[in-house]
Amino acid sequence: MRVSRLAISLAWAVIGLAAPQSGRAWGAAGHRIIGRLAIEALPNDLPAFLRTHEAAESVGELAREPDRLRFAGSIHDTDRDPGHFLDVDDAGKVLGGPSLADLPSTRSAFKSALNAAGTDQWRSGYLPYAIIDAEEQLAKDFAYWRAETAAAQSVANKSHSVWLAKDVQLREGLILRDLGVLAHYVGDGSQPLHVSVDFNGWGDFPNPEGFTKNRIHAYFEGEFVHDYVPKALVQADMASYVDCHCSYEKHACAFLMATNAEVAALYRLDKKGGFLNGDERGRAFAARRLAACADQLRDDITDAWRASLEGAVGYPPLRISDILAGKIDPYDALYGLD
């Protein structure tokens, strides 16, 4: 019987050793590349503070943060570790439960569907929901940034204007951090071994092509990328922004389905020696996966920014469009009256 990656992670935690690389998607090099390239490729309509070299460097570093925060404690780790992966089987189902192509709309409903299949989200992972949660958070961040930036320049009360301007600065720091979180989970979702039941060598399943059962996960995403896949190689494979005209949920699931479709290709390439000694075939494969991720992350950030224009902030909720049009002074709702 296959031991879950969560069980492996907890076992290592108990004996006090370093985090196993098999629980991560991309090492530091891969996550840095994804974060930096996505920010560097943002369209011009996004805020100027994001379209800087400093912002790209910051997001590249913060994209590693969910991995760096591991082993904070048992409650923290057991809840968050399954957010880094999703065990999809050959039928496109999550451990025989819900289909990746049509996931339930909430984690509560996802939990119920998995329970009905005799498993749970701690074994299966819940990566799609981690991605969607992070994108929704970013859209709300952007909504507050829009509201406070506009209000700081228009409100008549000087002290209110000063507070709003300071809060914009705080919000920009939060946006960078939340961008790092989104970058990390989108990064996890681009590594084929994080979206498969065969996550570290072919599992105890039919194996007609004779794929390896060796633990190939850590080397592929870590040492191989670090040594042989430079940023320029990944950048050359990036495409232009594409508006999917769909929900965050559909966009995330389509992305993960495309990643899952690369699992067999990765194992075939491994079987042919494609990841030995910097083989060009392996370098090209890894660069394409990283580029697909940087594209997805750029698109997610752009979609969150544009969706924020239709959002609301404060309590009672105030529409961003009304604030930008100068119809209301949002200070009380933003600062709080309670």
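- Formation of a donor-acceptor pair under 3.5 Å by the Asn214 side chain with backbone atoms of Ile216 is not found in this model.
- Figure legend: Arg289 and Phe224 shown without cation-pi pairing, the cationic atom not lying both under 6.0 angstrom from the six-membered ring centre and within 45 degrees of its axis.
- Considering Arg36, Lys231, Arg32 in turn, Arg36 is the only one that fulfils the salt bridge (charged side-chain N to carboxylate O under 4.0 Å, His left out) rule with Glu57.
- Hydrophobic cluster membership for Val313: Tyr144, Val155, Trp163, Leu164, Leu309, Leu318, Ile320, Ile323, Leu324, Ile328, Tyr331, Leu334, Tyr335 (Ile, Leu, Val, Met, Phe, Trp, Tyr linked by side-chain heavy atoms under 4.5 Å, directly or transitively).
- For His194 and Asp188, the side-chain atoms include no donor-acceptor pair closer than 3.5 Å.
- Ion pairing between a basic and an acidic side chain is recognised when a charged N comes within 4.0 Å of a carboxylate O; Glu262 and Arg268 show no such pairing.
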Run the side-chain contact (heavy atoms from CB on, under 4.5 Å) check on His31 and Glu61 step by step: do they pass?
-> CA-CA 8 Å; His31 278 299; Glu61 293 305 313; over 6 Å; no

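- The heavy-atom pair separating Val225 from Ala286 by the smallest distance is CG2-CB, 4.3 Å.
- Phe285 and Phe275 have perpendicular rings, their planes meeting at more than 60° on a 0 to 90° scale where under 30° would count as parallel.
- Here the closest non-hydrogen pair linking Gly60 and Arg64 is O-CG, 4.1 Å.
- Applying the ring-ring contact (aromatic ring centres under 6.0 Å, His included) test between Phe110 and each of Trp122, Tyr129, Tyr126 identifies Tyr129 as the sole match.
- Between Val168 and Thr149, the shortest heavy-atom contact is CG2-N, 3.7 Å.
- Put simply, the residue from Arg146, Arg177, Arg171 that forms a salt bridge (charged side-chain N to carboxylate O under 4.0 Å, His left out) with Asp141 is Arg171.
- Below 30°, between 30° and 60°, or above 60°: for Phe142 and Trp305 the angle between ring planes is above 60°, a perpendicular geometry.
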